[in-house]
Structures are given as structure tokens and as C-alpha cells.
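Heavy atoms only: backbone and side chains are in, while hydrogens, waters and symmetry mates are out.
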Amino acid sequence: MTLRQGIDFDAPDDEPVDILLATAWPQDHQEGFLPVLAKLCRPFRSSQVLQGIRNARSRTEVMMVLQSFSNPDVLLDRPIFRINPQ
């Protein structure tokens with residue numbers, strides 16, 4: 001989910017949070033949670049992914065951005081996602 005206006009969370013970079021990621025995990029299977037959470041969060045360390053998510057206009061476009069992250073050639077060759085104003 002993206003927010004129109006970011007929320008101040010006193011982050012080390014002093015940037016407001018405007019992208020939220022929610023997860024659900026079974027309480028009786030906690031042993032695998034941290035490795036999965038780390039893998040889920042990895043794309044969000046890329047400024048190209050963050051900008052692509054911010055520019056996305058639908059869930060499908062967000063999924064395209066995240067899927068592009070798994071293909072490093074896409075990251076090196078061109079911006080992940082660009083929406084041309086109409």
C-alpha cells in the first residue's frame with residue numbers, strides 16, 4: 001500500500017514512510033518467519049523499486065515492479081517502471 005502523505009517514523013534517513021508492507025504468518029510456524037521476511041523486504045532496498053511502486057497505478061503494475069526486481073538484467077538495462085503522463 002502506498003500513502004499519499006508519508007508518516008514520520010523517526011527513520012534514520014529522516015524520510016517519511018509512504019509504502020507499507022503487511023504480512024500474515026501462522027503463529028505455530030514461527031521458525032521460518034525471519035528468513036521469509038528478509039526476502040520479502042529485500043526489493044524495498046532498491047530506489048528503483050521504491051520509485052516504481054510509487055508510480056504504479058494498480059496492483060498489477062506493483063507486481064510488475066516487484067517481479068522485475070527478481071531479474072537483475074532489468075535493473076541494469078533500464079528503469080523498472082515508467083508511467084507516461086497522458
Side-chain angles (χ1 to χ4, degrees):
M1 174 191 314
T2 57
L3 305 173
R4 288 187 182 149
Q5 184 173 354
I7 299 170
D8 182 15
F9 275 102
D10 291 326
D13 63 3
D14 290 326
E15 293 293 323
V17 172
D18 64 338
I19 298 174
L20 303 176
L21 171 68
T23 61
W25 195 267
Q27 189 172 10
D28 57 340
H29 290 90
Q30 294 180 10
E31 66 278 352
F33 178 70
L34 289 179
V36 171
L37 182 62
K39 188 173 182 177
L40 286 172
C41 292
R42 195 167 294 128
F44 296 92
R45 295 172 21 191
S46 164
S47 60
Q48 286 182 299
V49 169
L50 294 174
Q51 195 57 46
I53 291 171
R54 288 180 179 116
N55 290 336
R57 294 184 179 173
S58 69
R59 291 178 185 166
T60 301
E61 291 177 357
V62 170
M63 291 307 299
M64 289 170 56
V65 170
L66 294 173
Q67 289 171 353
S68 295
F69 179 80
S70 66
N71 181 353
D73 294 335
V74 174
L75 290 174
L76 297 175
D77 292 344
R78 65 187 188 281
I80 291 174
F81 201 80
R82 186 171 302 188
I83 296 175
N84 296 324
Q86 296 182 4

*asked:* Could you work out, with side-chain contact (heavy atoms from CB on, under 4.5 Å) as the rule, every residue matching S47, not counting sequence neighbours?
replied: none
*Separation of R45 CZ from L50 CG (nearest 0.5 Å)*: 11.5 Å
*Hydrophobic cluster membership, M1 vs L66, 4.5 Å side-chain cutoff*: no
_Would a single hydrophobic cluster contain both L20 and L37, if residues Ile, Leu, Val, Met, Phe, Trp and Tyr are joined by side-chain heavy-atom contacts under 4.5 Å?_
no
_Could you measure the distance from the CD atom of E61 to the CE atom of M64? Nearest 0.5 Å is fine._
6.5 Å
_Heavy-atom side-chain proximity of Q5 to L3 below 4.5 angstrom_ = no
*Would you mind listing every side chain to side chain donor-acceptor pair (under 3.5 Å) that reaches into residues 21-40, with sequence neighbours excluded?*
none
_Going by side chain to side chain donor-acceptor pair (under 3.5 Å), name the pairs with one or both residues in residues 12-21, residues two or more places apart or in two chains._
D18-R54
*Which residue pairs pass the ring-ring contact (aromatic ring centres under 6.0 Å, His included) test with at least one member in residues 37-59, sequence neighbours excluded?*
none
*Check the hydrophobic clustering (I, L, V, M, F, W, Y; side-chain heavy atoms under 4.5 Å; chains of links allowed) and say if V36 and F69 are grouped together.*
yes
*For the hydrophobic clusters of this structure (ILVMFWY residues joined by side-chain heavy atoms under 4.5 Å, transitively), does one cluster hold both I19 and I7?*
no
*asked:* Distance check, rounded to the nearest 0.5 Å: I53 atom CD1 versus Q51 atom CD?
replied: 10.0 Å
